[in-house]
Number of protein chains: 2
Amino acid sequence: MITLTPAEENYLKAIYHLSEGGKKGVSTNDVSAEMKTKPASVSDMLRKLGEKEVIEYRKYYGLHITEEGKKLALQTIRKHRLWEVFLVEKLKFSWDEVHEVADELSHVKSRVLTQRLDEYLGFPKFDPHGDPIPDEYGDIRARPRQLLNELDLGSTGQIVAVKDSSPAFLRYLDKVGAYIGARIKVMDKTEFDGSVEILVDNKKSIFMSKDVAGNILVMV
Amino acid sequence: MITLTPAEENYLKAIYHLSEGGKKGVSTNDVSAEMKTKPASVSDMLRKLGEKEVIEYRKYYGLHITEEGKKLALQTIRKHRLWEVFLVEKLKFSWDEVHEVADELSHVKSRVLTQRLDEYLGFPKFDPHGDPIPDEYGDIRARPRQLLNELDLGSTGQIVAVKDSSPAFLRYLDKVGAYIGARIKVMDKTEFDGSVEILVDNKKSIFMSKDVAGNILVMV
DNA sequence: TAATTGATTTAGGGCTGTCTAAAAATAATA
DNA sequence: TATTATTTTTAGACAGCCCTAAATCAATTA
């Protein structure tokens with residue numbers, strides 16, 4: 001049975017996220033940026049994770065996460081997200097306050113604790129950010145996606161993809177401040193032209209035509 | 001502001017308990033036994049705690065905890081006991097399962113977390129073992145004591161003292177399996193002679209006359 | 001293809017917290 | 001008091017995790 005130190009868990013979790021996002025392999029610098037540690041420290045850690053076979057690591061050529069690595073990363077992610085639910089739902093933390101604390105809590109090693117917490121929270125399927133919570137076997141229920149222009153007034157979600165991925169469209173999104181991963185809320189809908197006003201990351205309000213909104217996929 | 005590492009917190013907590021129990025100073029070996037680490041490791045840690053002025057440390061002569069040290073120890077104890085309450089009351093852990101887990105949880109550094117947890121639990125004054133939970137200023141409310149023969153059927157508590165401390169009485173208690181610190185529950189009360197049946201440490205059931213029970217102080 | 005640039009790794013060091021083995025101080029006993 | 005026994009401390013080592021500085025490798029450019 002492979003066991004990871006808290007630091008190793010954190011690295012593996014970061015690597016998992018990087019693997020999901022980008023298509024190709026993950027580089028030392030990617031991990032360094034994500035973890036906010038120096039590349040030199042990352043090299044050392046990658047060697048260790050390679051020895052534990054949770055990643056496949058070739059010096060100078062980056063890495064790929066292994067199946068075993070994914071499983072372990074999902075365990076950590078599960079714990080992290082369950083604690084986030086607890087902090088927000090039970091202890092009334094706001095979204096932005098939870099991350100660090102959940103991070104520390106998620107390193108407490110007790111399988112029973114995780115199971116009981118899951119049960120206590122009513123086996124939630126998604127965390128407060130809308131990210132799915134893996135079950136104890138690492139399975140994730142894929143969240144259904146909806147087109148942004150079909151969302152109801154007041155509903156929230158996260159931009160996960162675009163139908164039109166032309167550079168022009170992406171540049172436009174970039175310009176107005178929308179991006180893959182952005183948390184959005186529908187603030188207003190105009191009936192006659194189908195345009196919408198959405199709030200991005202609880203900060204910036206932007207207007208969108210029906211055409212634009214109809215090309216954005218949102219996870220609700 | 002003094003900050004302690006998790007290990008330092010653990011040592012200080014142990015030292016606080018040792019200081020409360022025995023009257024005189026605390027020795028390196030005492031701490032070693034309590035912490036289950038080698039005396040050599042303890043020496044090193046005592047030097048560090050001495051430098052941080054949470055204890056007063058004289059080489060070869062043991063130590064005394066300082067006022068500042070007591071305050072910090074009580075903070076840690078507060079967190080530990082709040083988590084114990086959470087684990088037992090909300091997550092349905094049993095008494096014997098909670099300690100290690102609460103220990104890890106109590107090292108999560110977030111003042112807000114502790115406050116919100118306290119609030120969520122309804123500001124409990126005692127942990128599941130009956131030990132008092134310090135408030136955020138480190139104050140402990142002394143728990144009221146009751147005579148064992150005055151407890152209601154089904155109530156639980158911990159034996160904390162005896163009114164009659166004659167050797168004969170103590171020998172008797174010892175014989176039947178009651179002792180200072182024992183967790184008890186009143187299982188039966190006989191009206192006509194005032195005798196009671198109590199369950200000790202969730203294991204052993206013993207009978208007591210009214211005279212005996214009337215000499216035992218219980219913290220409920 | 002050769003030189004330069006940028007990414008990555010290695011080398012060496014610091015800090016924490018543990019250990020074992022050996023030395024030193026104190027306490028107990030003859 | 002002198003010797004022995006016990007307690008405590010020091011010395012040196014190791015693992016984890018981070019750093020900086022220097023070396024190495026790979027990719028790009030001239």
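Numbers restart at 1 for each chain; the letters A, B, ... are given by sequence-line order, proteins then strands. Because only heavy atoms are used, hydrogens play no part in the values below, and waters and symmetry mates are left out as well, while side chains stay in. Remember, it's a predicted structure, so these values are computed and weren't measured experimentally.
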What is the distance from atom CG of B:Leu74 to atom CD1 of B:Ile133, rounded to the nearest 0.5 Å? 12.5 Å

For the pair made of CG in A:Leu63 and P in C:dT8, what is the distance, rounded to whole Å? 10 Å

Between B:Tyr11 and C:dT18, is there a side-chain N or O to OP1/OP2 distance below 4.0 Å? yes

In terms of the nearest nucleotide of DNA chain D, which residue is placed more toward the 5' end: A:Asp44 or B:Ser41? B:Ser41

Without decimals, in angstroms, what is the distance between B:Arg47 CZ and C:dC15 P? 12 Å

Does A:Thr37 reach a base, just sugar-phosphate, or nothing at all? Heavy atoms under 4.0 Å. sugar-phosphate

Please say whether more than 12 non-hydrogen atoms of neighbouring residues, nucleotides or ligands are located less than 6.0 Å from NZ in A:Lys185. no

Under-4.0 Å side-chain N/O to phosphate OP1/OP2 contact, B:Lys59 with D:dT7: no

For the side chain of A:Met45, counting heavy atoms from C-beta on, which of C:dA27, C:dT8, D:dC17 is nearest? D:dC17

More than 12 heavy atoms from other groups under 6.0 Å of OH on B:Tyr137: no

Result for 5'-nearest mapping on DNA chain D, choosing between A:Tyr60 and A:Lys48, is A:Lys48

Spacing of A:Leu46 atom CG relative to D:dC18 atom C1', expressed in whole Å: 14 Å

Assign A:Ser43 to base, sugar-phosphate, or nothing according to its heavy-atom contacts below 4.0 angstrom with the strands shown. base

For atom CZ of A:Arg58 and atom C1' of C:dT8, their distance in whole Å: 14 Å

Examine D:dT6: is either OP1 or OP2 under 4.0 Å from a nitrogen or oxygen in the side chain of B:Asn29? Give yes or no. no

Write down the distance between NZ (B:Lys38) and P (C:dT16), rounded to a whole number of angstrom. 23 Å

Can the ring centres of B:Tyr16 and B:Tyr11 be said to be less than 6.0 Å apart? no

Let me know the distance between CG of A:Asp30 and C1' of C:dG6, rounded to the nearest Å. 14 Å

Do any side-chain nitrogens or oxygens of B:Tyr57 fall under 4.0 Å of OP1 or OP2 in D:dT9? yes

Which is true for B:Ala40 with a 4.0 Å heavy-atom rule: it touches a base, it touches only sugar-phosphate, or it touches nothing? base

C:dT8 C1' sits how many Å from A:Met35 CE, rounded? 18 Å

Kindly indicate whether a cation-pi arrangement holds for B:Lys48 with B:Tyr57, taking the cut-offs as under 6.0 Å to the six-membered ring centre and within 45° of the axis. no

Using a cut-off of less than 4.0 Å, is there contact between a side-chain N or O of A:Ser27 and OP1 or OP2 of C:dA7? no

Between B:Leu49 (CG) and C:dT16 (C1'), how many Å, whole number? 13 Å

